[in-house]
Amino acid sequence: MKLIADSGSTKTSWVLTGDGKTEKIIVTAGINPAVQTDEAVQAVLGSLISALPVMPSEIYFYGAGCRGEAQQRMADALKMAFAGERLLHIKVESDLLGAARALFGDSEGIACILGTGSNSCLYNGTSVVENIPPLGYILGDEGSGAALGKMFLNSLFKGELPVELADEYLAETSQTYDDVIRRVYREQNANRYLASTSIFIAKHLDIKPLYDIVKYNIEQFFVKNVCRYSCSGMPVAAVGSIADAYREVYVKVANAHGFDVTKILKEPINDLVAYHSEHHCK
């Protein structure tokens, strides 16, 4: 049995599969070993194990923050959580490689992630060969939900959006200016909070100031990331809630920069399962 996971800052999707059939789908809290403590990671893995009907013999984990030391920490965390089980293989890779495999399989292309955070890479059909660093939601993450939320809230409180729209948002979310400041500067997971504004934005995309914010956010993603890869005519594809919610804007911006968009997925997990049904990846 194989256990395949796609983990972001908000949630982790796990699929237990065997003989080409999906046995169980489990959703847990997100795991990011680069910013979470070992105890927090083990708590999530504990909830996973209690929901598994049988133990896997192979685990393939694709996650945010899984590079360098954090990648090894995640592998160690899985080994500890499944200690005593007869696991044959544990492999931890970045969510970026997972996105590339889900989007392109064995073909080359520019893989993009536009969710709570953002990322991109040049993929040669086997591995990531170039990556413009995303820098996180404070220094970068152009195109992400967090970056979109920052621009939206900035425009809202600086009076750049229609007053009735600002009033509607604050009433709908039962928030005040002080609530927003507290959530961003004093509470944990500010990136998730900022990205949550996309729910409201997507419902009002017909309002030009909001459309302009969305388009500018995605435009910055292409200018600062995708266009920096030295490859002409390379196909582009994307995964993530933001890419999915604003797919028409994403395609329009991509086309304007000379890129053809071949696929947009809200989540990569099903395509990762398909990929691993055809590859052993050991």
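Counting from 1, the numbers follow the sequence of the chain as shown. From a predicted model like this one, the values you see are computed outputs, not experimental measurements.
- In this structure the side chain of Tyr62 never reaches within 4.5 angstrom of the side chain of Pro268, judged on heavy atoms.
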(request) For Thr17 and Met1, run side-chain contact (heavy atoms from CB on, under 4.5 Å): C-alpha distance rounded to whole Å, both residues' side-chain angles, the deciding distance at 0.1 Å, then the answer. (result) CA-CA 6 Å; Thr17 179; Met1 300 291 287; over 6 Å; no
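- The closest side-chain heavy-atom distance from Ser155 to Pro209 is not below 4.5 Å.
- By the salt bridge (charged side-chain N to carboxylate O under 4.0 Å, His left out) test, Asp212 is found to be paired with Lys208, residues two or more places apart in sequence or in another chain being considered.
- Aromatic ring pairs are classed by plane angle as parallel below 30°, tilted from 30° to 60° and perpendicular above 60°; the pair Trp14 and Phe61 is tilted.
- Between Asp244 and Arg247, at least one side-chain N (NZ, or NE/NH1/NH2) sits under 4.0 Å from a carboxylate O, which counts as a salt bridge.
- Looking at heavy atoms from C-beta onward, Leu52 lies in side-chain contact with Leu3 at the 4.5 angstrom threshold.
- Under a cut-off of 6.0 angstrom, the local environment of OH in Tyr177 is sparse, with at most 12 non-hydrogen atoms contributed by other residues, nucleotides or ligands.
- Using a distance-only test at 3.5 Å, with no hydrogens or angles considered, a donor-acceptor pair links the side chain of Asn131 to the main chain of Ser120.
- For the pair Asn124 (side chain) and Ser127 (backbone), a donor-acceptor distance under 3.5 Å is present.
- Side-chain contact of His276 with Glu58: a donor-acceptor pair under 3.5 Å is absent, judged by distance alone.
- Across Leu96 and Cys121, no two heavy atoms sit closer than the pair CD2-CB, 3.4 Å.
- Residue-environment remark: CG (Asp19) stays at or below the threshold of 12 foreign heavy atoms within 6.0 Å.
- Pairing each heavy atom of Arg228 with each of Lys224, the nearest pair is CG-O, 3.5 Å.
- Classification of the Phe200-Phe152 ring pair by plane angle, with boundaries at 30° and 60°, yields tilted.
- In the displayed structure, Arg182 atom CZ is contacted under 6.0 Å by more than 12 heavy atoms of other residues, nucleotides or ligands.
- Put simply, the side chain of Pro235 does not reach to within 4.5 Å of the side chain of Phe259, judged on heavy atoms.
- Without hydrogens or angle criteria, Gln71 side chain to Ser94 main chain gives no donor-acceptor distance under 3.5 Å.
- The main-chain N or O of Ile31 is found under 3.5 Å from a side-chain atom of Ser7 such that the two form a donor-acceptor pair.
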(request) Show the numbers, then the answer: is there a side chain to side chain donor-acceptor pair (under 3.5 Å) between Asp38 and Gln42? (result) CA-CA 6 Å; Asp38 293 342; Gln42 286 299 330; over 6 Å; no
(message) side chain to side chain donor-acceptor pair (under 3.5 Å) for Thr176 and Asp179? Distances and angles first, verdict last.
(response) CA-CA 5 Å; Thr176 64; Asp179 293 328; 3.2 Å; yes
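- By the ring-ring contact (aromatic ring centres under 6.0 Å, His included) test, Tyr211 pairs with no residue at all, sequence neighbours left out.
- The shortest distance between side-chain heavy atoms of Tyr60 and Lys2 falls below 4.5 Å.
- Among residues at least two apart or in separate chains, side chain to side chain donor-acceptor pair (under 3.5 Å) pairs with a member in residues 139-149 are Glu142-Asn225.
- For CD1 of Ile181, the number of neighbouring non-hydrogen atoms (other residues, nucleotides, ligands) closer than 6.0 Å is greater than 12.
- The pair Lys203-Glu172 counts as a salt bridge, with a side-chain nitrogen and a carboxylate oxygen less than 4.0 angstrom apart.
- In this structure, the side chains of Val253 and Lys215 come closer than 4.5 Å at one or more pairs of heavy atoms.
- Closest approach of Ser198 and Ile242 over heavy atoms only: OG-CD1, 3.5 Å.
- Heavy atoms of other residues, nucleotides or ligands lying less than 6.0 angstrom from OH of Tyr216 number 12 at most.
- Salt-bridge formation is not detected for the pair Arg101/Asp106: no Lys NZ or Arg NE/NH1/NH2 atom is positioned less than 4.0 Å from an Asp or Glu carboxylate oxygen.
- Annotation: side chain of Asn217 is in contact with side chain of Met151 (closest heavy-atom distance under 4.5 Å).
- Lys11 is not listed as a side-chain neighbour of Thr28, based on a closest heavy-atom distance of 4.5 Å or more.
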